[in-house]
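Structure, as C-alpha cells:
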There are 2 protein chains.
Amino acid sequence: MNDKQDPRKNATLKDVAGACGLSVATVSRYLNHSIKLPKATTDRIDAAIAALSYQPNPHARSLSLGRSETIGLVVPDISNPYFAHLAAAVERAASEFGLGLVLCPTLSRTDRELDYLGRLSRRHVDGLLFITNNGDDPALARALQGATTVVLVDDDIDGAIAPTIMADSEQGGYLATAHLIEAGHRKLAYVGGPARLTSSRSRVGGFRRAIAESGLEISISAELAGDYSSAHGRAAANRILSLDEPPTAIFAASDEIVLGMLAVFKQRGVKVGADISVVAFDDVGPLELFDPPLTAIRQPVAAMGRRAVERVLGLIKGGTREPETEILPVELIIRESVKPPRN
Amino acid sequence: MNDKQDPRKNATLKDVAGACGLSVATVSRYLNHSIKLPKATTDRIDAAIAALSYQPNPHARSLSLGRSETIGLVVPDISNPYFAHLAAAVERAASEFGLGLVLCPTLSRTDRELDYLGRLSRRHVDGLLFITNNGDDPALARALQGATTVVLVDDDIDGAIAPTIMADSEQGGYLATAHLIEAGHRKLAYVGGPARLTSSRSRVGGFRRAIAESGLEISISAELAGDYSSAHGRAAANRILSLDEPPTAIFAASDEIVLGMLAVFKQRGVKVGADISVVAFDDVGPLELFDPPLTAIRQPVAAMGRRAVERVLGLIKGGTREPETEILPVELIIRESVKPPRN
DNA sequence: CTGAAAGCGCTTACAG
DNA sequence: CTGAAAGCGCTTACAG
C-alpha cells in the first residue's frame, strides 16, 4: 500500500510500469498503439494509469520524438475580426487533427515575424501558418528559404517559394464589380488595400477585368489604394464625395474599409443603396446588421483554415514540398447595399 | 574545418561547447546568466553560437526545468470580438513577460474545458487563464480544486476558490442606467445575459441599484435575460416593441445584443436616439461607426489581460495563492444613442 | 570558478 | 513478444 509516490508530483511512466509489473517500454508501446496486448494486461495498465492519474509529460515526449504535435499561427493582429475568424477556423482544424496551436501575433512587425520563424527552427513548433502584411519585405523571403514546414496563408510573400493558401481575390473583385455593373452602374470606384500586397492587387485586377469584359462604356472615377482599415475608408469616402464626377458605386476591398466609409456617408447624409451602391470584401463582420445590410464578397475563411492545417500537416509528415498555391473560391453575398443608380 | 556536424540537424549545446573548448555546463550557465565570464570567453561562446546558429531546444529545457514558460488561454470562442480583444490583450502582456501563449478554445463545451485543465496538470503549460460561460457547472469547480496556477478571467466559477479578474459589471450597469435616468428616461428595460453568470447578474444588479438610488418614480418595462448574442438582442427588441407600454430607454449587457436590436429597430422603423435610447456594454465593436454612434460601457480589456497575466505569473513563481478577486473599473463612453425621451 | 555526471520523462532500436 | 539501455538536449547539485 505504501508506494513511495509523492502525491504532489505527477506520476511517470515508470510509476505506472512499476504499479502493474511491466517495463516502461511495454507501457509506452501500449500507449502509442504500437503493440497488441492481451485484454488482461491492458486492463491492468489502464487501472494503474487511472489509479495514479498518470498524464504523459509532453515535453519529454517532444524531446524524444523531435516533434511537438503543435503548430504556430503567425498573425498580424488577433483583434481584427477577419484574422480572428481565420484564427478560429485554424484552431478548429488543428484540434481536429490533434494539433496544439500556439498564437504568434506580430502586430505586423517584421522583427517579430522573424522571431517566430526562429521558434520553428528551434523545433518549438512543428510547423507554421504564416499570415503577413509584409510580403514585400525581402528579409522575410530570405528567412523563409530554410523553413520547410511553413505554409503561407491569406497572402503570399514576394520571392518566397512556399505552399500558399489564398482566397480568390481576383475573382472576388470581378464578381463584386460585375454585380455593380449588372445593377446598371457605369461610374465606378475602387477603394483597396496596399498595392504591394498580392491580395490587394488581385482585387483591383478583378475590378478592371469586370469592367473590360463588360464591353460597356464604364468610367473609373477613382482607384484608391491604402490599407484595409476603416481609417482608409473614411479618407477615401471623403475624397470620393468631393470628386467632380463622383461614382455611383464603389467596390471596397475589405469590411473595415466599408465601415469607415459608412461613417462618413452617414455624417454627410449620403444614403448607401439609394445614393451610392457599395460592395464589401471579407464578410466577417455582422454586415447584415448594418444600415442597409451590406452586400459583400465572402472569404472562405473556414476552408482556408482547414486547408492550411492540412497542408502544413503534409509538410510535417515529410511529404515532398510542393510549393503549390491553392486558390479557394469566394462567394458574392447579395444584401441591400447595391441598387440601380439614380438617373 | 571538418566538424562532423550534420548541417540539417540543429546544433546543440554540446556542439557549441565543443566549438569553443568549454563544457556544456559552462555554456549553459552563461546562457542562463548564472555566471560571470571574462569578455574573451563570452566572445568565443557568442561566436560559436553564431557560427553554428545554435538555438536552444525548448523541450529539453522544459523537461529539465519542469516548466515551459508558456501559459494557456482558455476561451469560448476567439471569433467573438470581445474575446478576440481580450485574447489580444493577454497575448501582448504575455509576450512582454517572455511567456508563450497557447490558445485553448472551448466552444463553451465543458468537456473541452476539462481537457485543457488536464493539459495544465501535464505541465504542458505552466498556468492557465480561464474564461468560461459555464461557471455554474459543478464539474468545473471540482476540477479546479487541484489546479494551483489558474486565474479566472471575465467571470467567476461558482464554488471555485481561485484568483479572479473581472470588470466591474455592477458599476457598469449602474453607470449606464444612471446615464439613462439623467437624460430624463423613466421607463427602462434591461436586456442581458444568462442569469446564471455572475457578470450578468451584476449588470442587472447595477441597473436596479441606479433605479433605486435615483429616488425617482421609474418603471421597469422588462428585464430580459438570455445570452450575450445578437440573436437574443433581436428577440428582445421584438418583444420590447410589442409591449403595451414600451420603455423609452434600454440598457443592454453586450455589444452583440445591441447589434441584434439595431437590426430589428431599423427594420421596424424605430430610430435609436430619437425613438428609443440605448446603452451597450463591452465597447469592443466599432460602435462609433453605427447609426447613431452607440453609447456604451467600456470594459477594461487591456488592463484585464495584463492583470491576468501578472497574477498567473505570481502563482507560477510559487507565491502563496491568494484567491482574491480583482475588480477593474469600467468607463461610460458617451456617444449619440442616448437622447431625452419624447414627451 | 569549472567540469563530469546525474537527472528530467519519454521512445525505440537492439538483444534476448 | 518483452525488457534493459541508450538517447533526445537541456540544467544543476556535487566534486575538484
Side-chain angles (χ1 to χ4, degrees), chain A residues 4-6 8-42 44-45 48-49 52-70 100 118-119 121-126, chain B residues 4-6 8-42 44-45 48-49 52-70 100 118-119 121-126:
Chain A
K4 56 224 159 181
Q5 195 44 48
D6 174 354
R8 302 217 17 171
K9 269 191 69 185
N10 288 333
T12 69
L13 238 205
K14 201 165 143 197
D15 300 325
V16 175
C20 56
L22 290 167
S23 73
V24 296
T26 302
V27 180
S28 172
R29 287 189 183 106
Y30 167 63
L31 258 19
N32 291 307
H33 308 289
S34 67
I35 196 183
K36 272 262 176 280
L37 254 28
K39 171 115 171 58
T41 314
T42 63
R44 234 166 59 230
I45 300 180
I49 288 176
L52 299 168
S53 40
Y54 167 69
Q55 309 257 49
N57 180 316
H59 301 116
R61 185 160 211 276
S62 296
L63 177 58
S64 188
L65 247 30
R67 56 186 153 81
S68 58
E69 255 110 43
T70 296
R119 210 129 129 175
S121 71
R122 260 173 275 144
R123 289 291 130 108
H124 192 146
V125 293
D126 297 342
Chain B
K4 56 226 158 179
Q5 197 45 44
D6 174 353
R8 302 214 18 167
K9 269 190 68 182
N10 288 331
T12 68
L13 240 204
K14 201 166 142 196
D15 299 326
V16 175
C20 54
L22 290 168
S23 72
V24 294
T26 302
V27 179
S28 172
R29 287 188 184 108
Y30 166 61
L31 257 19
N32 292 306
H33 307 291
S34 64
I35 198 184
K36 274 260 174 283
L37 252 32
K39 172 114 171 58
T41 313
T42 64
R44 233 164 62 228
I45 299 180
I49 288 176
L52 298 167
S53 39
Y54 167 70
Q55 308 259 49
N57 179 315
H59 301 115
R61 183 158 214 277
S62 296
L63 177 58
S64 187
L65 248 27
R67 56 188 153 80
S68 56
E69 256 111 43
T70 295
R119 210 129 128 176
S121 70
R122 261 175 276 142
R123 292 290 131 110
H124 191 146
V125 293
D126 297 342

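- Within 4.0 Å of A/Y54, counting heavy atoms only, lie sugar-phosphate atoms of the nucleic acid but no base atom.
- Side-chain nitrogen and oxygen atoms of B/T12 include none within less than 4.0 Å of the OP1 or OP2 phosphate oxygen of D/dG9.
- One finds a side-chain N or O of A/R61 lying less than 4.0 angstrom from the OP1 or OP2 phosphate oxygen of C/dT11.
- Projected onto DNA chain C by closest heavy-atom contact, B/L37 and A/P56 fall at different nucleotides, the more 5' of which corresponds to B/L37.
- Not counting sequence neighbours, the partners of B/S23 by the side chain to side chain contact (heavy atoms under 4.5 Å, CB included) test are B/A25, B/T26.
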Restricting to nitrogen or oxygen on both sides, can you table the protein-nucleotides 13-15 of chain C pairs closer than 3.5 Å?
unit_1: C/dA13; atom_1: N6; unit_2: A/R29; atom_2: NH2; d: 2.5

Taking Watson-Crick and G-U wobble contacts under 3.5 angstrom, with | marking pairs to another strand and [ ] crossing pairs, the secondary structure of DNA chain C is written |||.||||||||.|||
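- A/T26 has a side-chain polar atom (N or O) that falls below the 4.0 Å cut-off from OP1 or OP2 of D/dG3.
- Counting distance only, with no hydrogens placed and no angle test, the side-chain atoms of A/S64 and the base atoms of D/dG7 include a donor-acceptor pair under 3.5 Å.
- Nearest heavy atoms, A/K14 versus A/V24: CA-CG1, 3.6 Å.
- Using a 4.0 Å heavy-atom cutoff across all strands shown, B/P58 reaches no nucleic acid atom at all.
- Contacts of A/S64 classified as side-chain hydrogen bond (donor to acceptor under 3.5 Å, both in side chains), with partners at least two apart in sequence or in another chain: none.
- Applying the side chain to side chain contact (heavy atoms under 4.5 Å, CB included) criterion to B/L65, with sequence neighbours excluded, gives B/R61, B/R67.
- For B/S28, the side chain to side chain contact (heavy atoms under 4.5 Å, CB included) test picks out B/L13, B/N32, with sequence neighbours left out.
- Comparing atom distances between the B/A60 side chain and each of D/dG3, D/dT11, D/dG9 picks out D/dG9 as nearest.
- In this structure, A/S23 does not reach the D/dA4 phosphate: none of its side-chain N or O atoms is under 4.0 Å from OP1 or OP2.
- For A/Y30, the side-chain hydrogen bond (donor to acceptor under 3.5 Å, both in side chains) partners at least two apart in sequence or on another chain are A/D46.
- In this view, A/K36 satisfies the salt bridge (charged side-chain N to carboxylate O under 4.0 Å, His left out) rule with no residue, not counting sequence neighbours.
- Within 4.0 Å (heavy atoms only), B/L13 reaches at least one base atom of the nucleic acid.
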